[in-house]
Asks: 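Could you have a look at this structure, given as structure tokens, before my questions?
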Amino acid sequence: MNERGVLRVFETPEQVAGAVAETFAATAERAASRRGRFAVALAGGTTPKAAYALLAEPPYRDRIPWDRTQVFFGDERCVPPDDDRSNYKMADDALLRRVALPPGNVHRMRGEDPPELAARAYAAELQATLGASPVFDLVLLGMGPDGHTASLFPGSDPHADEALLVRSVYVEKMQMERLTLTPSAINAARTVLIAVEGETKRAALTAVLTGPVDPIAYPIQSIRPAGELFWYADRAAAAGIAPKPIL
Ligand code: 6PG
């Protein structure tokens, strides 16, 4: 393990999904037994869908203490929760509605509200649930082909407002307002797990893990948790990285 984390490479996306589900379940079991609660922030996008579907079925479903699990989100598009672009909707369809989570344990970013208001409200909900300095047991993230993660996109300084836990951001290239956890909120986590799949991510993953550190060009490089940082990649995404510990 070094400051860029530990990279595990899998032959196929299916194997990445299985490894994400296993890490999710093992982390949940450990957190619940040690601290009586499992606090997780889910990733959006498409990569995590397969892992969420595995978590909704045995054996993983039955390993996870859903009644002691608090579900948050790493980011959200500023759309209503029933919009097909909603990260909440994706996770709800694939997982949340299919397991025995108490409704009050799912903390949705309110994409339908004015962004600034929604960001402030989410930070307050985070602190009300996890304490003034919230610490996730697990934060799941993905990575875009441009090196963005959550809704931390290239060109904006990810560390701009360190004191904030949640911020709203207008993403020019997507012509969309979004809500996102800040690096401060993510980096307090005990474990961060980033899942990256596909040839379209290869160049960014190689640059992020082996090139110079430039968090404005590659915001995902601002993710340096106090705890563990794992990258789970399929062969297609990791082909540009020699199979040795990341130096
Ligand atoms: C989102 C995600 C975003 C995602 C990456 C990768 O709201 O889209 O939070 O950061 O993880 O864009 O997306 P894919 O998994 O779809 O490639």
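Atoms considered below: every heavy atom in the structure, side chains included; atoms not considered: hydrogens, waters and symmetry mates. Order of listing sets the numbers, starting from 1, for every ligand and every atom in it.
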Asks: Please determine, by modelled atom types, if Asp75 and Ser151 share a side-chain donor-acceptor pair under 3.5 angstrom.
Replies: yes
Asks: Measuring from non-hydrogen atoms of Ala150 to any atom of ligand 1, is the shortest distance under 4.0 Å?
Replies: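 So Ala150 counts as touching ligand 1.
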Asks: Just which atoms of ligand 1 are under 4.0 Å from any heavy atom in Gly44?
Replies: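 Close to Gly44: 2 (C), 9 (O), 11 (O).
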Asks: For atom 8 (O) of ligand 1, find the nearest protein heavy atom and state the residue, atom name and distance (0.1 Å precision).
Replies: Arg77 NH2, 2.8 Å
Asks: Please list, in number order, the atoms of ligand 1 under 4.0 Å from a heavy atom of His148.
Replies: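 Those atoms are 3 (C), 5 (C), 10 (O), 12 (O).
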Asks: Quick one: look at Thr47 and ligand 1, take heavy-atom pairs under 4.0 Å, and tell me if it's side chain, backbone, both or neither.
Replies: both
Asks: Leu42 versus Asn87: any side-chain heavy-atom pair under 4.5 Å?
Replies: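 SC-SC contact between Leu42 and Asn87 ruled out.
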Asks: Salt-bridged, Asp93 to Arg98, with N to O below 4.0 Å?
Replies: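 The answer is no: the pair does not qualify as a salt bridge.
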Asks: At a 4.0 Å cut-off, with the gap strictly under it, does some heavy atom of Lys201 reach an atom of ligand 1?
Replies: yes
Asks: State, yes or no, whether a side-chain contact exists between Val192 and Phe230 at a heavy-atom distance under 4.5 Å.
Replies: no
Asks: Is a side-chain donor-acceptor pair under 3.5 Å present for Thr47 with Glu197?
Replies: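 Side chains of Glu197 and Thr47: no pair found under 3.5 Å.
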Asks: Under 3.5 Å, N or O to N or O, is Thr149 touching ligand 1 that way?
Replies: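 In this structure, Thr149 places no N or O atom under 3.5 Å from an N or O of ligand 1.
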Asks: Can you tell me if Thr191 and Glu228 form a side-chain donor-acceptor pair at under 3.5 Å?
Replies: yes
Asks: Of the protein's non-hydrogen atoms, which lies at the shortest distance from atom 9 (O) of ligand 1, and what is that distance?
Replies: Asp75 OD1, 2.6 Å
Asks: As an exercise, identify every atom of ligand 1 less than 4.0 angstrom from a heavy atom of Arg178.
Replies: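 Counting atoms of ligand 1 from 1, those under 4.0 Å from Arg178 are 1 (C), 2 (C), 7 (O), 8 (O).
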Asks: Which of the atoms of ligand 1 are close to Met143, meaning less than 4.0 Å from one of its heavy atoms?
Replies: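 Contacts of ligand 1 toward Met143, numbered from 1: 5 (C), 6 (C).
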Asks: Give the numbers and elements of all ligand 1 atoms closer than 4.0 Å to a heavy atom of Gly142.
Replies: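 It comes down to these atoms of ligand 1: 11 (O).
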Asks: Please check whether Leu141 reaches ligand 1 - meaning an N/O of the residue sits under 3.5 Å from an N/O of the ligand, judged on distance alone.
Replies: no
Asks: Taking only Lys NZ, Arg NE, NH1 and NH2, and the carboxylate oxygens of Asp or Glu, determine whether Asp83 and Lys89 approach each other closer than 4.0 Å.
Replies: no
Asks: Which of these, Ala237, Gly45, Ala195, has its nearest heavy atom closest to atom 13 (O) of ligand 1?
Replies: Gly45
Asks: Exactly one of Arg68, Arg30, Arg190 should register a side chain to side chain contact (heavy atoms under 4.5 Å, CB included) with Arg35. Which one does?
Replies: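 Running side chain to side chain contact (heavy atoms under 4.5 Å, CB included) over Arg68, Arg30, Arg190 with Arg35 returns exactly one hit, Arg190.
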Asks: Rounded to the nearest 0.5 Å, what separation is found between the CZ atom of Arg108 and the OG atom of Ser86?
Replies: 7.0 Å
Asks: Could you tell me, atom by atom, which parts of ligand 1 come under 4.0 Å of a heavy atom of Asn87?
Replies: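 Numbered from 1, ligand 1 contributes 1 (C), 7 (O).
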